[in-house]
Structures are given as structure tokens and as C-alpha cells.
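The chains referred to below are lettered A, B, ... by the order of the sequence lines, with proteins before strands, and numbering in each begins at 1. All values derive from a computational prediction rather than experimental measurement.
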Number of protein chains: 2
Amino acid sequence: MTNIRDVAKIAGYSVSTVSRVINQQNYVSTATRAAIQKVVDELDYAPNDVARDLSRGKTFNVGVVLPHEDHPYFTQLIHGITTAAFAAKYHVVLLSSRYDADLELQYLEGLRRKAYDALIFTSHGLPLSQLAHYRQYGSIVICEHPRDSGIPAAYAHRRTTYRDALIYLKTHGYQRIGLLMSRPIAVSATSQATADAYQMVFGQRPAPEICVTDVITLADGERAAKTYLKRGQHFDAILANSDDIAIGVSRGYQAAGEAVPFLIGQEHQLSGELVHLPTIDHYFKTVGERALQLAISGEKKTIAINSRLITEQ
Amino acid sequence: MTNIRDVAKIAGYSVSTVSRVINQQNYVSTATRAAIQKVVDELDYAPNDVARDLSRGKTFNVGVVLPHEDHPYFTQLIHGITTAAFAAKYHVVLLSSRYDADLELQYLEGLRRKAYDALIFTSHGLPLSQLAHYRQYGSIVICEHPRDSGIPAAYAHRRTTYRDALIYLKTHGYQRIGLLMSRPIAVSATSQATADAYQMVFGQRPAPEICVTDVITLADGERAAKTYLKRGQHFDAILANSDDIAIGVSRGYQAAGEAVPFLIGQEHQLSGELVHLPTIDHYFKTVGERALQLAISGEKKTIAINSRLITEQ
DNA sequence: TCTTGACCTCGAACGCGTTCGAGACCGTAA
DNA sequence: TTACGGTCTCGAACGCGTTCGAGGTCAAGA
């Protein structure tokens, strides 16, 4: 493999002059530039990006930690992140975590080892304090409310919209509400926002038995419906954590020959549109764009993107 | 930032011995290992991944070129790729292309400049011959039939299943078939497979007027239906290029108050399942896994994954 | 005429981990 | 006792581009 020293030697100039030619910098005479360019072309020389990254001390890589690849939240977020990364000439490195603490730690170590300039956690299993500890090694951005961690964040401002949704249900006469969540309230900011909104509207924390957690897919929605039925619980309405999941819930009730509660979905997915399901759009693409911008600028900001309740579609 | 030389100096050992300790290699006495480890811990030293990549001449990065992030084909493929990459301890770098030739060239140059060990093209705008030219700089894998390019490939074997689908239509009495495609037959292997299957079943190439191209989203499907209606063309059945798109077609006809032709979708999406749409599953996750394995092993193979026609769901 | 300041080019140090060849030491088999 | 082989450690070269300080040239302004 030919390197910059080969080019310099053959062209009869110093390495630094060659470097200035390939980086299109000033202070190279036209003749010299042409002579060096000729050798570069003849030798089919291209600078080594890894060496360049090493000497510049920067990789232009942003690691994106995501628990699943096939969930709409992450898909939309990734779309926003890659769009913004592309515009800023950064590279997006996908890091699967499955909420595994060891893996997340490995990725944080990657930041320490300079594999990435910045890390975006679309979600996380480790405590925020541990993420915060790694900020000394590089920029870290999370996609949820940072609490008291001080970590820069871009996230969907869910609570207000969840409140809107629950108020909507209440004013339409739905009193007994079931809540579906991807993760337990104790560990998930999203689930907390749901619980907080519930408290605002109904004056108390949601009882544990009205919440079903670990609901991710349509099949989980179906399972949740069966769980409710098996327990003999009755609900007027259910706030599902995605449109697909709401569809699953609907199927679960139908399969059991029971009346389907009123449903509200989330994510504004095609499936919900098909059955005219009320939903909440969190604008995750925008969240992703903002997260990436924070990550590369190093700004210590918190950006909340407003969600929207969509009751007619 | 502390480096391996600092550790060596403070520990009183040579750099190579320290290297052997942090890489858990043999030929270090227990006492030495402990002494060095102590200094490593005290200094909070972590090796620099970029320097390591440079000296090893390998990055463990695989670039994945994809035209869109929000299309099910790519989402499923990415899922397979990240799954396999994770298992092999490789990193997936997402490269948006929008079929832009300049961008694709930039990514190929990235291979030449050692930014990636390998490149997977989930789709491409550049001619295969140009991709083939860059194989001298690193492993390249495509996700379609490689024709005579010799490029290693993992792809969905579509033609046979398209034939099955068209035979299914023919035997059920549907004679006049419309074909929806994401890209023109001239540039897309997928569209070619559709046309080839059509010829096998109906004995002739599909007439240009029965094909609508640039159909990517549900809205495009709706538009395609309107195009057909505007032209006064009648079809007994339409082979759409995704379930979502088929739904769009259905809407287009319904909005115009016209009878909806029999529809077959693709990708086995949730939307199709909801309306019991016949579909074709291409197993793109598997394709992605195989593509990544080819990319990192450097094997010069072509792997075709069989698709499946699903007529009852 | 002297100074100042672009302009051009060079050499060497720097960023940092890996690896190979060599040397020293010790135990065991011949 | 000589040899061979394994263990342990070191120094230096290597992978490769960037950048800073220095030095030389030349023209314009004082």
C-alpha cells in the first residue's frame, strides 16, 4: 500500500508539502501542486482515514446505542439521526444493546477509547449517573428527560400529551383506564411520564394492576389483553404504547369474544391510520436530528420536542 | 490523555510488556502483570482504538450503503446485518445514499481509504462494474444477483416466487396484471426479476404501460392507482411491491369509487396482515445476516435466499 | 536601503498501539 | 556437560497523516 512518504519521495517534495496538496491547503505553488498531483494519480494514492483520525484526534463517528432495531421508536429516531449526521459529515455507528448493562458499558468504554467522538443513547439500562460519569471522555446525549444527571438530552415531551390523551378519555366518559408500557415505571422515563400524567388527571398514581409492562410488539398487545381478561379486570379504555400494539390488544379482545375497550395508540403508525385509531405522534425523527446536533456540537442543552394527540384520522 | 508509554514508564516496564498485559497475552510473569495492571488502574488508562486500528490495519467497521432508512426492505436488512455484526464483533456504519452516484462513490473511496473493512450495498445507483473495480480495496457485497460482475452477493431469490405469484393469479383467472416497482426495469434487478417472471408466465415482456415505477410509499401506491384510472386501463390484479403500497392502491381505487383489483403485496408487513392480503415474504433479515457474513469472511460466494408466497393469513 | 510580511518548502516531532528480533535466564533431556 | 526449548522482557521499527517551528526567497512599503 502506498503512503504519503512514497508520494513525497517520488515527487521529490517533503511529506508536509504533499499533505498540503491532498488537503487543498494554501502555500503550495501551482507547479508543485501539479507535480505532486501527478504522482498521486500515478500511484493511485489515497490517504488512510484511520491514520488521519489518529493524528487529528477525531473520528467523526457517533455511536448510537439502541435496544432494538425493529421498533418504530428507534426506526424513526435513527432516521432523524442519520439525516442530521449526513448533513454534518459524521458517521453513524449502530450499537445494539438489548438493555444489557455489560454491552452498554462496553459502548461507554468505546467512547473512552476514542472509538467514537460522541454517543447517543436512544434508551438505556444503566443508571444515568453511570452514563454521566463517562461524559469526561466525550459527548453523551440521551433521548429522555435527564433528571438531575446534567446529561444533554433531546426527547419527546410526552407528559403533557399523555395528559391531553387522558383528559380526552376522561371527558368522553372513560373512567377505568389500562396502561401498556414497554418497561417498568421504576426504570423508564417514558413509563414515568405516563404515570405522572395519570396522576395529574385522576389524582393518584396508577395502580400496579392496571399497568402491563414489557409490551413491545403486536403479539405483546394481544397477550396484554388476555392478561387483563384472565384477571377479570374491566377497562373502558386502554392507552397503548404504539398503534401496532393497540391493534394487538383489539385482536386479543376479539379473539376472546369480548368487547374491545376504546383504544389510543402511539407513534402514528400506518396500522393505526388504517383503522382510524386515535394516536400520539412524538415526532421522533425531529428528536433524532436534535440529538445528533447536540452530540456533535457538545452543547449542554436539553431539548424537549412537543408531541401531539391525534384524535381524528 | 495518558498513553501506553506513560504506563510503561511509571510501571518501570517496556511498552511491549504493557501491551501484552492489556491484550491478555502470554509471556508475562504474574508479578509483572499485577504491577502493570495496578498502574493501568491508577492512571485510568484505556488503549486508543484508533491507534490500535491503525497498527493492526483493520477497523472492524462494515459500511452499509442504503438509499432510504424508512423502507421495510432496508429496515429488515439492517436488522439482520446488525445482528450478525454484533455476533462477530464488527461495527455497522450507516451510509445514506439516496441512489446518488457521488455519494456512493464517496463511500467506495472510504473503502479505499481504509475507513471500512468492507462495504455492503443494500442497493446501488452506480453500475456493478464500478463497484467491482473497488473490490481491490476491500470486501464488497451486494444484495442482489451479481450478474457477470463477480461481486459476492446475498439476496432474495425473487424470480421464482414472483413466478409463483403470477401463476397463482393466472390460475385464479386474473389475466390483466398491473406491476408496481420501486425503480425502472433497466436499472433494478428487482424490477427485472418481476419482468422475467412475467415473461415466464405470460410469454412476453410486460408492456411498459402496465408498469408503474418510483413506487416506494403508501402514497405512491395511491398515486399509481390514480394513474391507471386516469389512463383508462383496467386490471384484474396488481402485484404491488409492498403490503403498505398495496393498501395505498386499494385506497386509490376506493377514493375514485372504483372496484379494487385483486392485490398481492410484498414484505409480509403488519398492514397486509390486518386486511388478509396475500403477500411475499423475502426473509430480508436472513439476507442481511448472510450479507454481513460474506462481507467479513471475504468469501467469494453468491447466496440466494428463497422467498415465499403467502396466500392465506 | 532596510524592514516587513506574504509565500513556499522542509524536517522532525507527534498521535499511539503492535509486533518482530534479540537477548537473558532457567530447567530438562541427552 | 552441552543443548535445546520455553519463559520473560526489551528496544526499535512500523503503520501513516498532521502540524509546528524554522529558514529561505522575493516584492512592496518606509
Pairs under 3.5 angstrom only: tabulate donor-acceptor contacts from the side chains of residues 126-133 of chain A to other protein residues two or more places apart or in another chain.
from   : atom 1 : to     : atom 2 : distance (Å)
A:H133 : NE2    : A:Q136 : NE2    : 3.4

Check: residues 145-155 of chain A side-chain donor-acceptor pairs under 3.5 Å, at least two apart:
from   : atom 1 : to     : atom 2 : distance (Å)
A:H145 : ND1    : A:R147 : N      : 2.9
A:S149 : OG     : A:P146 : O      : 2.6
A:S149 : OG     : A:I151 : N      : 3.3

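The closest donor-acceptor contact from the side chain of A:T83 to the backbone of A:H79 lies under 3.5 Å. In this structure, the side chain of B:T59 does not engage the main chain of B:D53 through any donor-acceptor pair within 3.5 Å.
Just one residue in the list B:L119, B:L66, B:T122 forms a side chain to side chain contact (heavy atoms under 4.5 Å, CB included) with B:L95, and that residue is B:L119.
Put simply, CD on A:Q25 is 14 Å from P on C:dC7, counting in whole angstrom units.
For the ring pair (Phe, Tyr, Trp, His ring centres under 6.0 Å) test, no residue two or more places apart in sequence or in another chain qualifies with A:H157. By the side chain to side chain contact (heavy atoms under 4.5 Å, CB included) test, A:D214 is found to be paired with no residue, residues two or more places apart in sequence or in another chain being considered. The side chain to side chain donor-acceptor pair (under 3.5 Å) check on A:Y283 picks up A:R308, with sequence neighbours excluded. In this structure, B:R20 has no salt bridge (Lys or Arg N to Asp or Glu O under 4.0 Å) partners at least two apart in sequence or on a different chain. Residues satisfying the side chain to side chain contact (heavy atoms under 4.5 Å, CB included) test with A:S123, not counting sequence neighbours, are A:P67, A:F74, A:Y99, A:R183.
Listed by first then second residue, pairs satisfying side chain to side chain donor-acceptor pair (under 3.5 Å) with a partner in residues 1-11 of chain A number zero, not counting sequence neighbours.
Along DNA chain D, the nucleotide nearest to B:T17 and the one nearest to B:L54 differ in position, and the one closer to the 5' end is contacted by B:T17. Nearer the 5' end of DNA chain C, as judged by each residue's closest nucleotide, is the contact made by A:R20, out of A:R20 and B:R5.
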For nucleotides 23-28 of chain C, tabulate all protein N/O to nucleotide N/O atom pairs closer than 3.5 Å, reporting atom names and distance.
none

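In A:Q25, the CD atom is crowded: over 12 heavy atoms of neighbouring residues, nucleotides or ligands sit closer than 6.0 Å.
In this structure, a donor-acceptor pair under 3.5 Å is present between the side chains of B:D41 and B:Q37.
A:N23 comes within 4.0 angstrom of sugar-phosphate atoms only, judged by non-hydrogen atoms across all strands, and of no base.
Of all nucleotides in DNA chain D having an atom under 4.0 Å from a heavy atom of chain A, the first and last in 5' to 3' order are D:dC16 to D:dT19.
Looking at residues 28-52 of chain A, you'll see A:V28, A:S29, A:T32, A:A51 sit with a heavy atom under 4.0 Å from some atom of DNA chain C.
Across its full length, the helix from C:dT1-D:dA30 to C:dA30-D:dT1 shows an angle of 40° between the axes of its 5 terminal pairs at either end, rounded to 10 degrees.
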